[in-house]
Protein chains: 2
Amino acid sequence: MDNLDRGILDLLRQNARAGYGDIGSIVGLSASAVKRRVDRLVADKVIRGFTIQVDPSIDGMSTEAYVELFCRGTVAPDELLRILSGVPEVVDAGTVTGSADAIVHIRARDIPGLEAALEKVRLAPNVDHTRSAIVLTRLIHRSAE
Amino acid sequence: MDNLDRGILDLLRQNARAGYGDIGSIVGLSASAVKRRVDRLVADKVIRGFTIQVDPSIDGMSTEAYVELFCRGTVAPDELLRILSGVPEVVDAGTVTGSADAIVHIRARDIPGLEAALEKVRLAPNVDHTRSAIVLTRLIHRSAE
DNA sequence: GATGAAACCTAACCTTT
DNA sequence: AAAGGTTAGGTTTCATC
């Protein structure tokens, strides 16, 4: 993890489709060297994935909920991650302190979409029950990066 | 904007580097047809950009909490917005159904930073109390949040 | 939806430190 | 060894039909 890696990450944050050659000509490496570093960053889980930013209003994905996940016994974070990463409606999730085991932020097209996503989340192992708080008015949204 | 577009968006959300041919074989279109649709979605600003999800521990803002906000009496969403917009650590917030008035997602550099942000939220006149769930393991973070 | 040229990705091999 | 460069081949993209 050096300044070259950070430069590559910055460029990919701005455009995840940039070619290796284009990235290399900016950070000062050959295309191959950039590819090797990107592959390593993905293997090391520094880059968790490649995704798109979608306009929520145009897409109609405006129904949101914060869902507390209560599990039986111990929960392996890796197992939760495996299940949740397969649900595209899950925008954000983490295991937390307090009585709930995890909190999951879901965004769906409408209430039926929310319910369907919730069903998929409940497939996670050892889930006892969930408690949802549906978002009425979205107040703040600051982009993560 | 039809179900084909939505299917393409879902696939790109999971892997923005998926090839047009791969996407087409899933949604039932040729590679060319998929490219035309993706190009249109980008031109129409439905897709705002292609980006990567980076391990938050890299950028040094890795301490997070979900905070339930309980206010005295009835509080208008505008009032809550006024309170929360003065706290830059607030990444995401909305009024919700349930006993809490709002849920606030805070991201800070460390625990003292988190506490300082919470203090700023609590100083607001109508805030009665807060209940925080500190994030232990970040499972999902899609930057399209 | 299909076609063909151009661009790109990828892996193997070579050079340098 | 470790990290970057070069080259060749296969695949994908992209414009055109």
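Proteins come first, then strands; the chains are lettered A, B, ... in the order of their sequence lines, and each starts at number 1. What you see is a predicted model, and the numbers here were worked out from it, not measured in a lab.
A:R48 is linked by a salt bridge (Lys or Arg N to Asp or Glu O under 4.0 Å) to B:D55, counting only residues two or more places apart in sequence or in another chain. Residues satisfying the side-chain contact (heavy atoms from CB on, under 4.5 Å) criterion with A:E79, sequence neighbours excluded, are A:A76, A:R82, A:P125. Shown here are the salt bridge (Lys or Arg N to Asp or Glu O under 4.0 Å) partners of A:D10, two or more places apart in sequence or in another chain: A:R13. In terms of the side-chain contact (heavy atoms from CB on, under 4.5 Å) criterion, B:K45 has no residue partners (sequence neighbours excluded). With sequence neighbours excluded, the residues that form a salt bridge (Lys or Arg N to Asp or Glu O under 4.0 Å) with B:R122 are B:E119. Applying the salt bridge (Lys or Arg N to Asp or Glu O under 4.0 Å) criterion to A:R72, with sequence neighbours excluded, gives A:D128.
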Side chains of residues 23-33 of chain A: which donor-acceptor pairs under 3.5 Å do they make with residues two or more places apart or in other chains?
{"from": "A:S25", "atom 1": "OG", "to": "A:D22", "atom 2": "O", "distance (Å)": "2.8"}
{"from": "A:S30", "atom 1": "OG", "to": "A:A33", "atom 2": "N", "distance (Å)": "3.3"}

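In this structure, CG of A:L4 is placed 14 Å from C1' of D:dG5, rounded to the nearest angstrom. In this structure, A:L29 places its CG atom 18 Å from P of D:dA2, rounding to the nearest Å. What separates CZ of A:R37 from P of D:dA3 is a distance of 8 Å, to the nearest Å. For the pair A:D22 CG and D:dT13 C1', the computed distance is 14 Å after rounding to whole Å.
The side chain of B:S30 lies closest to C:dG1 when the candidates are D:dG5, D:dA3, C:dG1.
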Identify each atom pair where a protein N or O and an N or O of nucleotides 14-17 of chain C are less than 3.5 Å apart, giving names and distance.
none

Pairs under 3.5 Å (N/O, protein and nucleotides 9-12 of chain C):
{"from": "C:dC9", "atom 1": "OP2", "to": "A:Y20", "atom 2": "N", "distance (Å)": "3.4"}
{"from": "C:dA11", "atom 1": "N6", "to": "A:S32", "atom 2": "OG", "distance (Å)": "3.4"}

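Among A:L9, A:V42, A:I8, the one residue that satisfies the side chain to side chain contact (heavy atoms under 4.5 Å, CB included) test with A:R37 is A:I8.
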